[in-house]
Amino acid sequence: MTSHGQTAPADAVPEDARAHLFNDRNLDRYRRAVTEGVERVARRVARADRPFTGVSPARLAERISGIDLDRPLHDPTAALDELDEVYLRDAVYFHHPRYLAHLNCPVVIPALLGEAILSAINSSLDTWDQSAGGTLIERRLIEWAAGRVGLGSDADGVFTSGGTQSNLQALLLAREEACAKAMAGSPSLPRHEILRRLRVIASADGHFSVTKSARLLGLEPGAVILVETDERRRMRPDALARELDRCRRDGLQVMAVVATAGTTDFGAIDPLPEIADLCGHADVWLHVDAAYGCGLLVSKTRRHLLNGIERADSVTIDFHKSFFQPVSSSAVLVRDAATLRHATYHADYLNPAYAAEQRIPNQVDKSLQTTRRFDALKLWLTLRIMGPDAIGELFDRVVDRAAQAWELINADPRFEVLAKSQLSTVVFRYLPPEGPARKLTDDANLHARQALAASGQAMVAGTKVDGRHYLKLTLLNPETSLDDIAHVIGLLAGHAERYVTERSPLHCGTA
Ligand SMILES: *Cc1c(COP(=O)(O)O)cnc(C)c1O
């Protein structure tokens, strides 16, 4: 007998497995389980006075490996108690205003509502017969996003799992367009010979997924040419022009230039109009990686920073970075919908040619994935409940705050701060006093970051610039105040100073 409305104690005989299925008979169980889950999350968030507990991997590994996955608890409450021990208590909380490490945003509630709905209905966005309206909703959002970019009336695109996949797909399309062009020019040239000569040009600060994609796409090791950046870490158009010339002289074919609209470390936006001019002259595909900077598309005050993006052949947008959406939510957009055909393959059981003739819309023809989440629903509800201006305001706030943080750290003699971000990062390092202690600079910064994370008081990121260790703040939380930042800077300085003092030859135990 199944027990509707009752939770079995842990030692009870397992009930009918069908009672766990999401369907009309088990809606009470569904409501109770999801509500209890939401309640647990709310309780944890209410109590989180730090972004992290600082728990060590070894401690958590012990707890997690101690669980016997072949002996179920048969009880959601017991399972949630256990989950609290192995996950919720020690998770890293991005909503916390002193989480300042990576490009993880606090999420907006309309998107969480979307997440709850999309996982229950579980539409799969590959074909109409697995999603119906979902297909059309995704298409409207792609149209909306391409409109914001300004890609013109032939634009299209598709949601992806993230910027990495968006970059990969954009470069796949660019590669196929380049191959077609090369083959048209010299029909006898074998494909492997064409592939051998393909090059991608990006700035030295571009995302590592560009290099990874080039390898996955069968390009030579070293096929990605990294050009210099200027004093604000933006791609130098003169350096790009030189590389384009050099490739032409060497008989190499540049299949794409990747401009970054918001580099991961420095929040730098490459000079898009100049780069677009050069790509136009050289007849080269322009991909703009706006995984981070896409939030400016809805900014009322800073949209102009993306000027030139409308001239791209393809664009990467990570809604799960600057649109305050839960992971995953990303899109690749293209100027010319026809180029998406390079991702189109037919399966008789799924997307047969006759379905296309009947004009039944499907998205699998445009995607690298087959079964695919209806992530678009989160953005849909966000736009329908909050609207784009509200998202733009949230992003503007973090960009404003980052500028203030830069000033604050720049005025602090204990620190050295690098190029001012156009978005919301700050790259800086603690500088020990002049003298022999300077040798400890790298180690002091590494230590400060680790000690801060271990305390759980705050989290910052680290990166390397010219071979030296730096600290990095990535601001994406509109609730982070300048006081929060001052507090974190103080903690970092304290950790670094103690480290240096303890190792300084003049240390006599009084510092
Ligand atoms: C984060 C990021 C990516 C990768 O996106 P994922 O969603 O993490 O796969 C690509 N490019 C830039 C500039 C990024 O900041």
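Residue numbers count from 1 along this sequence. As the structure lists them, so they are numbered: ligands from 1, and atoms in each ligand from 1. The model shown is predicted, which means the values in this text are computed figures rather than measured ones.
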_Under a 4.0 Å threshold between the charged nitrogen and the carboxylate oxygen, would Asp250 count as salt-bridged to Arg199?_
no
*Hey, are Arg373 and Glu138 close enough for a salt bridge, meaning a charged N less than 4.0 Å from a carboxylate O?*
no
N/O to N/O below 3.5 Å, does that happen between [X] and ligand 1?
{"X": "Thr164", "value": "yes"}
{"X": "Leu103", "value": "no"}
{"X": "Thr264", "value": "yes"}
{"X": "Lys321", "value": "yes"}
{"X": "Ser161", "value": "no"}
{"X": "Thr260", "value": "no"}

For [X], is the [atom1] atom crowded, meaning more than 12 foreign heavy atoms sit under 6.0 Å from it?
{"X": "Arg397", "atom1": "CZ", "value": "no"}
{"X": "His304", "atom1": "NE2", "value": "yes"}
{"X": "Arg191", "atom1": "CZ", "value": "yes"}
{"X": "Lys212", "atom1": "NZ", "value": "no"}

I'd like to check which ligand 1 atoms, numbered from 1 as shown, lie under 4.0 Å from a non-hydrogen atom of [X].
{"X": "Gly163", "answer": "4 (C), 5 (O), 6 (P), 7 (O), 9 (O)"}
{"X": "Ala291", "answer": "2 (C), 3 (C), 10 (C), 11 (N), 12 (C), 14 (C)"}
{"X": "Asp318", "answer": "5 (O), 6 (P), 7 (O)"}

*Does ligand 1 have any atom sitting under 4.0 Å from a heavy atom of Gly262?*
yes
*For Glu416 and Arg429, what are the C-alpha separation, side-chain angles and deciding distance, and is it a salt bridge (Lys or Arg N to Asp or Glu O under 4.0 Å)?*
CA-CA 5 Å; Glu416 171 200 35; Arg429 64 176 174 168; 2.5 Å; yes
*For ligand 1, indicate whether the residue Thr263 contacts it via side chain, backbone, both or neither (heavy-atom separation under 4.0 Å).*
neither
_N/O donor-acceptor pair under 3.5 Å between Thr463 side chain and Tyr470 backbone_ = no
_What protein heavy atom lies closest to atom 13 (C) of ligand 1? Include the residue and the distance to one decimal._
Asp289 OD2, 3.4 Å
